[in-house]
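Some notes on the structure that comes next.
Since the model is a prediction, treat every value here as computed from it, not as a measurement. Proteins get letters first, then strands, A, B, ... in listed order; numbering begins at 1 in each.
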Amino acid sequence: MSVRVRFAPSPTGGLHLGGVRTVLYNYLFAKHHGGEFVLRIEDTDQTRFVPGAEEYIFNCLKWCGLEPDESPVHGGPYGPYRQSERKEMYRSYAETLVTRGFAYYAFDTREELEKMREELKTDENPSPQYDHRARKNMRNSLNLTDDEVKELLEKNIPHVIRIKMPENDVVSFTDMIRGEVSFQTGLVDDKVLLKADGMPTYHLAVVVDDYLMKITHAFRGEEWLPSAPVHLLLWKYLGWEASMPQWAHLPLILGPSGKLSKRDGAKYGFPVFAMNWTDPKTNELTEGFFEKGFLPEAFINLLAVLGWNDGTEKELYSMDELIADFDIKRVHSAGAKFDYEKAKWFNHEWIKKLNVEHLKLKVKEVLASAGIETTDEAKLEKIIELVKDRCTLLPDFVQQAGFFFKAPVTLELDAVKPKWNEEKKQFFTEYIKQLNGIGNWELGEIESAFKELATAKNIKPGELQLPMRVMLVGGKFGPAVFQIAEIIGKEETVKRVEYALSLL
RNA sequence: GCCGCGUUGGUCAAGGGGUUAAGACGCCUCCCUUUCACGGAGGAAUCACGGGUUCGAAUCCCGUACGUGGUACCA
């Protein structure tokens, strides 16, 4: 049987680091086994609908290179892939469960539920559940007579269907990451399966759809572990136990203080979403890795090794290598704190690693958005090669490569002034003359003229190089000075030196 | 509160009865370089605690503490 996995986001907002990692592990597992990766939209909560969120998710996955094989936009044989479009099929499964005695109708109103919680609430039990004890005193088909239930149903009185958790049983299963996990059914509440509006809750939808879509392995965040017994029981009650997927609950990604939230991002200055997301209601922007200047290769890489390793010292993986080496059993069971410094290191490594051709377009874009037009392709390529070791994030190219195309507006003259004197000024005045005389404008000529003149003037060349750099670059950074001069050309070099001299 | 899951340097982590307890990020020192990086060589820093089991425990068991998640007609 071929491997089929799924990622099932609810389109309610930005796509979190942890979400992308869940997609990634699903994707890697599927591809490693030559299986399919399906994306299903879990939009059963109509009150939380957020326009644009679904399209946003697809954009993120595309940028990450994690394209689904089946999805609402990619199609596939098990559609529809949007749960809201599957609404009609859930009710009959829920009713089957009622018929079999594994679930029941509950007619309690919001107010009645609140009242029950209020009454049962104590210091020892701050959040009472609708469980096997509570259900005995509520308005549901367990307590009502058949006729009463029938009447309520016929009158279309709003109701939900709840699972009837066994009072005293143990449900256990083997998690691919954690091993044997077990739960006392009496401590789990009677989760709503079908809501009053006819939509299923996650609990019903996930098992019905996983069954219908022939999902073989179900990987999801650790936050689902406590409701796993409900899902296990549903598979059993529906008579599908034999086709139940294997489960793996992935560890959480934590922020500097506890669970990683988008607030952490704003607070500590790092992105937490794959791409920028603006909440349409509040207009609040949460930064994304894409806009921050991360390469998808690096983003995927850093996420992959946040909670997984192959047992070797290897840390840099391409997607193909990940597919080849990934093993869900080697995923850690403990949560991992996200470290932005290390994330940046990964990006730096990937910038160094990727060839110029691969980087060119992205660098062009980043320069363009800083108002720097690059038309000379050969020149751009040469420059990227020269400066990429110095760039951690894509926008770093603006500082590191920008001055090749545009003379610096402000010069860091404070770095020069303290040791500046008349001799040095004369040196540069004469150097300009020599520069103008160079016929073959290339590195060797520019450099030897500089050094010979310095020797003649009895000044150490080293003492002149920093001023020269500041004149051309604007600050104390960048590749070798004469290389810069060679690339920007004679005219521009002379111009920049003259301008700087006028300020000194 | 109750339930689940977890706990190796600041962070990511290897190791799963006998190791000088890998490696990476970050930090520090030095070399290279009269810029900034890259690269290279070093350094500081870890098995949450308490009991067992065992000749021997970071590794196995039990407690405790702490962290984290759940406890919704949200996913």
Side-chain angles (χ1 to χ4, degrees), chain A residues 8-12 42-45 47-48 83 106 108-110 113 117 121-131 158-162 175 177-178 181-184 186-189 191-203 205-206 220-229 249 251-252 254 256-259 302 305-316 332-346 348-349 352 387-392 396 399-400 412 415 460-470 473 475-481 484:
Chain A
S10 70
T12 51
E42 308 232 344
D43 55 351
T44 54
D45 187 352
T47 64
R48 293 212 300 162
Q83 287 180 332
D108 317 281
T109 62
R110 294 251 174 218
L113 288 175
R117 292 199 176 104
K121 196 169 162 183
T122 62
D123 282 350
E124 271 67 56
N125 184 9
S127 34
Q129 308 188 61
Y130 197 121
D131 60 9
H159 61 275
V160 301
I161 294 178
R162 285 180 182 271
D175 187 279
I177 293 171
R178 288 153 215 280
V181 184
S182 58
F183 302 85
Q184 303 254 341
L187 298 170
V188 181
D189 64 333
K191 294 260 183 262
V192 169
L193 265 20
L194 197 77
K195 301 188 255 189
D197 65 359
M199 278 286 194
T201 58
Y202 172 84
H203 308 291
V206 74
R220 62 198 342 181
E222 191 185 341
E223 68 270 25
W224 290 110
L225 202 45
S227 51
H249 291 87
L252 268 1
L254 308 169
S257 49
K259 195 190 178 190
L302 73 93
V305 299
L306 192 59
W308 169 84
N309 73 83
D310 72 355
T312 71
E313 285 178 16
K314 183 168 174 167
E315 287 199 283
L316 262 20
H332 253 255
S333 48
K337 212 172 268 184
F338 173 67
D339 179 2
Y340 188 49
E341 292 307 316
K342 183 124 192 195
K344 285 191 289 191
W345 175 79
F346 275 106
H348 192 186
E349 289 301 310
K352 287 191 284 176
V387 307
K388 65 184 194 146
D389 281 5
R390 290 157 228 264
C391 298
T392 298
D396 292 344
Q399 196 204 36
Q400 295 296 336
E412 209 182 302
K460 276 188 269 179
E463 282 185 31
L464 295 160
Q465 270 189 43
L466 184 68
M468 175 79 172
R469 165 175 304 282
V470 173
V473 173
K476 298 198 289 179
F477 56 90
V481 235
I484 296 168

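- On the C1' atoms, C47(B) is 16 Å away from U20(B), given to the nearest whole Å.
- Of the candidate nucleotides G70(B), C73(B), A75(B), A75(B) has the atom lying nearest to any side-chain atom of Thr44(A).
- Comparing the C1' positions of C28(B) and G67(B) gives a spacing of 30 Å, expressed to the nearest Å.
- Within the 4.0 angstrom heavy-atom criterion, base atoms lie near Asn125(A).
- At the heavy-atom level, Ser127(A) lies under 4.0 Å from base atoms of the strands shown.
- The same atom, C1', is picked in U53(B) and in C60(B); the two are 8 Å apart, to the nearest Å.
- The CG atom of Leu302(A) sits 11.0 Å away from the CD atom of Glu315(A) when rounded to the nearest 0.5 Å.
- A straight line from CG of Asp339(A) to C1' of C12(B) spans 7 Å, rounded to a whole angstrom.
- Residue contacts shown for Lys460(A) include a base, since a base heavy atom lies under 4.0 Å away.
- Ala228(A) comes within 4.0 angstrom of no nucleic acid atom, judged by non-hydrogen atoms across all strands.
- Rounded to whole angstrom, the span from the OH atom of Tyr340(A) across to the C1' atom of C12(B) amounts to 17 Å.
- Between G52(B) and U46(B), the two P atoms lie 26 Å apart (nearest whole Å).
- A 3.5 Å limit on both hydrogen-bonding distances identifies U71(B) as the Watson-Crick or G-U partner of G1(B).
- Closest approach to the Lys259(A) side chain among G69(B), G23(B), C12(B) is made by G69(B) (side chain taken as heavy atoms from C-beta onward).
- In terms of heavy atoms, Arg220(A) sits closest to Val206(A) at NH2-CG1, 4.5 Å.
- Note: NZ (Lys314(A)) to P (A14(B)) measures 17 Å, nearest angstrom.
- Put simply, NE2 on His348(A) is 11 Å from C1' on C36(B), counting in whole angstrom units.
- Residue-level contact check: Pro128(A) touches the backbone only, with heavy atoms under 4.0 Å from sugar-phosphate atoms and none from bases.
- The distance from atom CG of Asp389(A) to atom C1' of C32(B) is 15 Å, rounded to the nearest whole Å.
- Among the heavy atoms of the strands lying under 4.0 Å from Ala336(A) are primed sugar atoms or P, OP1, OP2 only; no base atom is included.
- Place Arg178(A) and Val305(A) on RNA chain B by their nearest nucleotides, and Arg178(A) ends up nearer the 5' end.
- Within the nucleic acid shown, Arg117(A) comes within 4.0 Å of sugar-phosphate atoms alone, with no base atom in reach, counting heavy atoms only.
- In a base pair of the Watson-Crick type (N1 to N3 plus N6-O4 or O6-N4) or a G-U wobble (N1-O2 and O6-N3), with each distance short of 3.5 Å, G63(B) is matched with C49(B).
- Distance Leu254(A) CG to U7(B) C1': 12 Å, rounded to the nearest Å.
- The residue His332(A) sits close only to the backbone: its heavy atoms come under 4.0 Å of sugar-phosphate atoms, none of a base.
- Rounded to whole Å, the separation between the P atoms of A45(B) and U11(B) comes to 16 Å.
- Heavy-atom minimum distance, Val192(A) versus Thr201(A): O-OG1, 2.7 Å.
- Between Glu341(A) and Glu124(A), the residue anchored nearer the 5' end of RNA chain B, judged by the nucleotide with its closest heavy atom, is Glu124(A).
- In this structure, Lys314(A) places its NZ atom where more than 12 heavy-atom neighbours from other residues, nucleotides or ligands lie under 6.0 Å away.
- Comparing the same atom, P, in A44(B) and in A22(B) gives a spacing of 12 Å after rounding to whole Å.
- Rounded to the nearest 0.5 Å, atoms CZ (Phe477(A)) and CZ (Arg390(A)) are 10.5 Å apart.
- Taking all atoms of both residues into account, the shortest heavy-atom contact from Pro200(A) to Thr44(A) is O-CB, 3.3 Å.
- In this structure, Asp45(A) pairs ionically with Arg48(A), as a charged nitrogen and a carboxylate oxygen lie closer than 4.0 Å.
- In this structure, Met468(A) atom CE and C36(B) atom P are separated by 18 Å, rounded to whole Å.
- Residue Val181(A) is classed as a sugar-phosphate contact, given heavy-atom separations below 4.0 Å to backbone atoms only.
- Nucleic acid contact for Glu222(A): base, since at least one base atom lies under 4.0 Å from a heavy atom of the residue.
- Nucleotides G15(B) and A57(B) place their C1' atoms 14 Å apart, quoted to the nearest Å.
- Thr312(A) comes within contact range of no nucleotide atom at all, as no heavy-atom separation falls under 4.0 Å.
- In the interface, the side chain of Arg390(A) is paired with the base of C36(B) through a donor and an acceptor atom under 3.5 Å apart.
- Comparing U54(B) with C49(B), their P atoms are spaced 23 Å from each other, to the whole Å.
- Taking only distance into account, the side chain of Lys342(A) meets the base of A24(B) through a donor-acceptor pair shorter than 3.5 Å.
- Taking atom CD on Glu223(A) and atom C1' on C74(B), their separation rounds to 12 Å, with Å as the unit.
- Gly307(A) comes within 4.0 angstrom of sugar-phosphate atoms only, judged by non-hydrogen atoms across all strands, and of no base.
- Between Tyr202(A) and Trp224(A), the two ring planes are parallel [angle under 30°; tilted spans 30° to 60°].
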